[in-house]
**Q** 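Below is a structure I'd like to ask you about.
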Protein chains: 4
Amino acid sequence: MTAQVTPQQETRTSVGARRSEATEAAVLEAFATLLDEVGYAAITMEAVAKQARAGKATLYRWWPTKAHIALSLISKAKVEIAPPAGVSLRDDLIDYLSRMIGLWRGDAGLPVGVLVRHCYAEAWSDPELAEALQAERRERWTMLNDILQAAMARGELPTGTDLARAKDFVMSWPIYLLMTDRLPSPEEIARMVDDTLGGLRSGSSRHPSRDT
Amino acid sequence: MTAQVTPQQETRTSVGARRSEATEAAVLEAFATLLDEVGYAAITMEAVAKQARAGKATLYRWWPTKAHIALSLISKAKVEIAPPAGVSLRDDLIDYLSRMIGLWRGDAGLPVGVLVRHCYAEAWSDPELAEALQAERRERWTMLNDILQAAMARGELPTGTDLARAKDFVMSWPIYLLMTDRLPSPEEIARMVDDTLGGLRSGSSRHPSRDT
Amino acid sequence: MTAQVTPQQETRTSVGARRSEATEAAVLEAFATLLDEVGYAAITMEAVAKQARAGKATLYRWWPTKAHIALSLISKAKVEIAPPAGVSLRDDLIDYLSRMIGLWRGDAGLPVGVLVRHCYAEAWSDPELAEALQAERRERWTMLNDILQAAMARGELPTGTDLARAKDFVMSWPIYLLMTDRLPSPEEIARMVDDTLGGLRSGSSRHPSRDT
Amino acid sequence: MTAQVTPQQETRTSVGARRSEATEAAVLEAFATLLDEVGYAAITMEAVAKQARAGKATLYRWWPTKAHIALSLISKAKVEIAPPAGVSLRDDLIDYLSRMIGLWRGDAGLPVGVLVRHCYAEAWSDPELAEALQAERRERWTMLNDILQAAMARGELPTGTDLARAKDFVMSWPIYLLMTDRLPSPEEIARMVDDTLGGLRSGSSRHPSRDT
DNA sequence: GGATAAACGAGACGGTACGTCCCGTCTTGAG
DNA sequence: CTCAAGACGGGACGTACCGTCTCGTTTATCC
């Protein structure tokens with residue numbers, strides 16, 4: 001394949017017995033393009049194949065459903081989150097959640113939150129996907145674990161705090177908002193963290209909020 | 001409406017130019033049957049029509065998508081939740097959430113939680129459904145509003161607490177658990193309420209929990 | 001792809017699967033079976049697909065309407081007509097029309113006449129079918145052209161006779177009878193040819209006939 | 001509705017409302033309108049009812065299929081044909097066929113030929129319609145019978161000519177042209193009559209004609 | 001004048017078939 | 001051996017009409 005001018009899409013050729021990385025990249029890019037153009041629900045394997053100039057059989061060989069393609073995109077995107085400063089629990093959580101919610105919102109160019117929630121939904125009827133999703137989640141939340149452990153070491157949290165349970169508690173509100181399509185603004189994130197740290201009785205819930 | 005009880009397979013006759021309540025009931029029952037037999041994802045409008053002995057056009061006349069049928073079932077099921085005792089905020093919340101989570105789990109015969117989470121998911125790409133779902137949610141959470149308001153009156157919550165925000169905070173963990181397919185047991189509900197009331201720093205997160 | 005100077009623009013490096021002849025045969029056979037079992041009007045594309053164990057999309061890929069399937073069957077059936085003897089015009093016409101009417105009646109196992117008349121009817125509102133039907137008719141009547149030309153050469157017809165018009169004249173009575181569901185017996189065919197050759201004033205119309 | 005033997009209630013003679021002539025007229029007019037707007041094939045009972053502002057049940061009460069409505073329209077239209085002059089067979093036939101073909105073409109405002117040929121087609125699978133159509137045809141061709149009989153009386157046709165057969169012969173070419181959507185112009189009608197009277201060997205087929 | 005009953009408009013009903021779309025698999029020929 | 005292309009059997013989609021029915025109203029006779 002020499003230089004010829006293919007203005008839109010460069011034709012990829014088969015290389016024989018090896019998996020084509022170019023094809024994988026083309027598929028992920030095609031998925032992202034379609035996500036932007038028609039929305040997750042309207043994406044079909046057929047359209048992804050056509051957009052990526054890939055054969056349908058090739059798609060199915062590497063990804064059993066479109067949710068798995070979405071998960072591949074999520075896995076690629078998660079590296080964008082930077083490590084925390086480690087000063088105070090409140091600051092660390094605000095920083096961590098701000099980055100994650102920014103990623104969800106699409107600050108990195110891809111609305112990862114949309115992919116995440118659809119993966120959750122499809123996992124309800126696909127145990128294999130549920131397992132893959134859990135693995136992804138466990139890996140992604142390693143940093144949250146570090147944050148909480150550091151806070152416990154600094155005495156900001158009682159020793160013996162159940163970290164797994166605390167992680168759930170911290171993530172439950174953001175994920176709830178993701179699921180109800182109301183991702184919070186930066187100020188709302190701060191208040192959310194205050195509520196999480198102090199609980200209902202602390203009084204931080206007195207700020208006005210949008211109605212549900 | 002006199003006595004006669006023909007409980008099964010009553011032949012519905014064509015009713016003419018007004019909406020047939022018998023058909024509506026047959027459709028909802030058929031949906032519930034199929035939900036039990038094949039699961040939400042595998043339900044098709046075609047199968048619902050067949051199971052209900054109804055025409056597809058009749059289905060589409062009253063429910064634009066299967067999620068709307070699910071929402072009808074949810075609305076019918078919500079009356080099962082009884083009013084709270086009004087003694088203490090903690091008890092009221094535990095009671096309220098226990099009832100709601102029991103309803104979700106299927107204690108009333110129908111796994112309402114499955115319907116709810118799929119409605120959330122389909123609302124992501126269906127604004128009309130999103131609105132209907134929000135109306136349903138607002139109505140269902142009236143009682144939660146009453147609980148919080150009573151607690152505020154009793155002095156258990158700071159005066160001026162943003163109730164809409166507080167409702168979100170209370171519901172976020174249960175809904176997060178619904179979305180991740182891990183509905184809590186009664187004891188877990190109590191601890192969940194303690195965390196919600198006290199926040200992370202209160203120390204109630206020290207109990208062990210399942211890993212995510 | 002090395003040689004870039006391909007004058008005929010042969011950039012197709014992948015061709016895809018080819019049309020299945022087995023499926024085409026199965027569809028035509030299914031159509032014939034249903035024609036026999038339920039009649040033309042009651043045939044549906046759905047039933048043809050099911051009978052042929054083919055997908056509906058496959059049917060629509062190759063035949064836009066059921067009339068096109070009928071036309072395919074007609075085209076396959078027409079090869080049954082043998083060439084004429086070439087002795088006298090009257091004998092040739094009787095032979096030709098007898099064969100054609102026999103084909104129409106179903107002597108070859110398939111009631112081609114039923115297919116033909118329905119194709120005519122559907123061509124009234126389908127220009128594309130009308131064109132295909134005309135092409136078929138032109139090809140089928142080649143032999144009639146030969147018969148008339150031979151008769152002209154033998155002096156049985158005036159030189160300069162408009163053959164296209166003569167063909168119409170010869171075929172008009174048989175087709176009229178086909179359209180009114182009264183295909184003639186062999187004896188009636190002979191008298192029909194006599195009328196056609198001699199016209200009303202020749203007196204051959206004096207034989208009794210069925211009422212219309 | 002006269003006295004029938006009903007043992008219980010002898011004289012219950014309330015007759016209720018009568019058939020509405022306004023409705024019948026509205027239906028026929030609606031059918032003609034739709035014929036002009038969308039063509040015969042696309043006309044549905046539903047659309048006729050709506051266009052006529054009539055209930056579907058009313059339509060079905062008086063006309064079992066749309067072909068029967070078409071037949072009603074044909075019957076109303078046929079009165080337009082005037083009686084023949086009775087001078088010569090050729091002139092009478094030309095006059096008669098010209099009027100009929102003009103009616104078919106739509107000179108009276110309604111393309112009767114379109115209705116006629118669709119009635120023929122639907123009669124292939126509707127014996128009741130076939131019978132009604134034959135009655136209509138018999139009545140309409142009374143005048144053709146008169147023409148032939150007068151010609152026989154004048155000696156233009158051999159005595160003993162089978163009139164029913166002769167009618168078929170005369171009508172076969174016009175109807176064939178109607179069925180192939182090629183209604184003839186006035187000049188073509190004259191040549192058609194000449195062919196019919198003289199037959200193929202008379203030589204009148206030497207004029208050029210459109211190809212089939 | 002009141003009762004009665006047929007016919008009416010409107011349109012919901014249980015159905016069937018439509019033609020389209022996509023699924024996941026299989027076939028073909030190129031590289 | 002893998003690839004792009006795309007035909008295949010299958011099945012659900014949402015729509016359009018079918019012919020039947022019920023609803024409540026409007027006639028038109030008859031008592």
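Below, read A as the first sequence line, B as the second, and so on, with proteins coming before strands; counting in each chain starts at 1.
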**Q** Could you tell me how far apart C:E122 (CD) and E:dC18 (C1') are, to the nearest whole angstrom?
**A**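 It is 14 Å, rounded to the nearest whole Å.
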**Q** Provide, to the nearest angstrom, the distance between the CD1 atom belonging to A:I43 and the P atom belonging to E:dC23.
**A**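 In whole Å, E:dC23 P and A:I43 CD1 are 11 Å from each other.
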**Q** The criterion is side chain to side chain donor-acceptor pair (under 3.5 Å); which residues satisfy it with B:W63, sequence neighbours excluded?
**A** B:S72
**Q** Does a nitrogen or oxygen in the side chain of C:W62 sit under 4.0 Å from OP1 or OP2 of F:dC8?
**A**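 Indeed, a polar side-chain atom of C:W62 lies that close.
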**Q** With a 3.5 Å cut-off and sequence neighbours excluded, list the donor-acceptor pairs that the side chains of residues 43-53 of chain C form with protein atoms.
**A**
from, atom 1, to, atom 2, distance (Å)
C:T44, OG1, C:A47, N, 2.9
C:E46, OE1, C:K56, NZ, 3.3

**Q** If the cut-off is 4.0 Å, is D:R19 near the phosphate of E:dA6, judged by side-chain N/O to OP1 or OP2?
**A**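 So the side-chain polar atoms of D:R19 never come under 4.0 Å of the phosphate oxygens OP1 or OP2 of E:dA6.
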**Q** Could I get the full list of salt bridge (charged side-chain N to carboxylate O under 4.0 Å, His left out) partners for B:E24, not counting sequence neighbours?
**A** B:R19
**Q** If I take atom CG from residue B:L110 and atom CG from residue B:L35, how far apart are they, to the nearest 0.5 angstrom?
**A** 6.5 Å
**Q** Which of these nucleotides, E:dC13, F:dG6, F:dA12, is closest to any side-chain atom of C:A17?
**A** F:dG6
**Q** Rounded to whole angstrom units, what separation is found between the NE2 atom of A:H68 and the P atom of E:dG24?
**A**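 Nearest whole value for this atom pair: 12 Å.
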**Q** Can you tell me how far P of F:dA4 sits from CD of A:E24, to the nearest Å?
**A**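 Computing the A:E24:CD to F:dA4:P distance gives 13 Å.
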**Q** Let's see if you get this right: which residues in residues 45-60 of chain D place a heavy atom under 4.0 Å from DNA chain E?
**A** D:R53, D:A54, D:G55, D:T58
**Q** About how many Å separate CG of C:L28 and OG1 of C:T33, when rounded to the nearest 0.5 Å?
**A**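 C:T33 atom OG1 to C:L28 atom CG measures 10.5 Å (nearest 0.5 Å).
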**Q** With C:T58, which residues qualify under side-chain contact (heavy atoms from CB on, under 4.5 Å), at least two apart?
**A** C:T23, C:R61, C:W62
**Q** For D:A130, enumerate each residue passing the side-chain contact (heavy atoms from CB on, under 4.5 Å) test, keeping only those at least two apart in sequence or located in another chain.
**A**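 D:A130 satisfies side-chain contact (heavy atoms from CB on, under 4.5 Å) with D:A123 once adjacent residues are dropped.
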**Q** According to salt bridge (charged side-chain N to carboxylate O under 4.0 Å, His left out), does anything in residues 29-45 of chain C pair up with another residue at least two apart or in another chain? List the pairs.
**A**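 Found none.
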**Q** Both C:T44 and D:S20 contact DNA chain E. Taking the nearest nucleotide for each, which residue is further toward the 5' end?
**A** D:S20
**Q** What is the distance, to the nearest angstrom, from the CZ atom on B:R18 to the C1' atom on F:dC21?
**A** 13 Å
**Q** Could you check how far CG of D:L34 sits from C1' of F:dA16, rounded to whole Å?
**A**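 Taking atom C1' of F:dA16 as the reference, CG of D:L34 is at 15 Å.
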**Q** Kindly write out the residues that satisfy side chain to side chain donor-acceptor pair (under 3.5 Å) with C:H68, not counting sequence neighbours, or none if the list is empty.
**A** C:T65, C:E128
**Q** Report yes if a side-chain nitrogen or oxygen of B:T23 is closer than 4.0 Å to either non-bridging phosphate oxygen (OP1 or OP2) of E:dG14; otherwise report no.
**A**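 Result: yes.
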**Q** From the list F:dG9, E:dC8, E:dC13, which nucleotide is the closest neighbour of the side chain of D:R61?
**A**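 The nucleotide sitting nearest to the side chain is E:dC8.
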**Q** Please round to 10 degrees the angle between the axis of the first five pairs and the axis of the last five pairs in the helix from E:dG1-F:dC31 to E:dG31-F:dC1.
**A**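 Its terminal axes enclose an angle near 10°.
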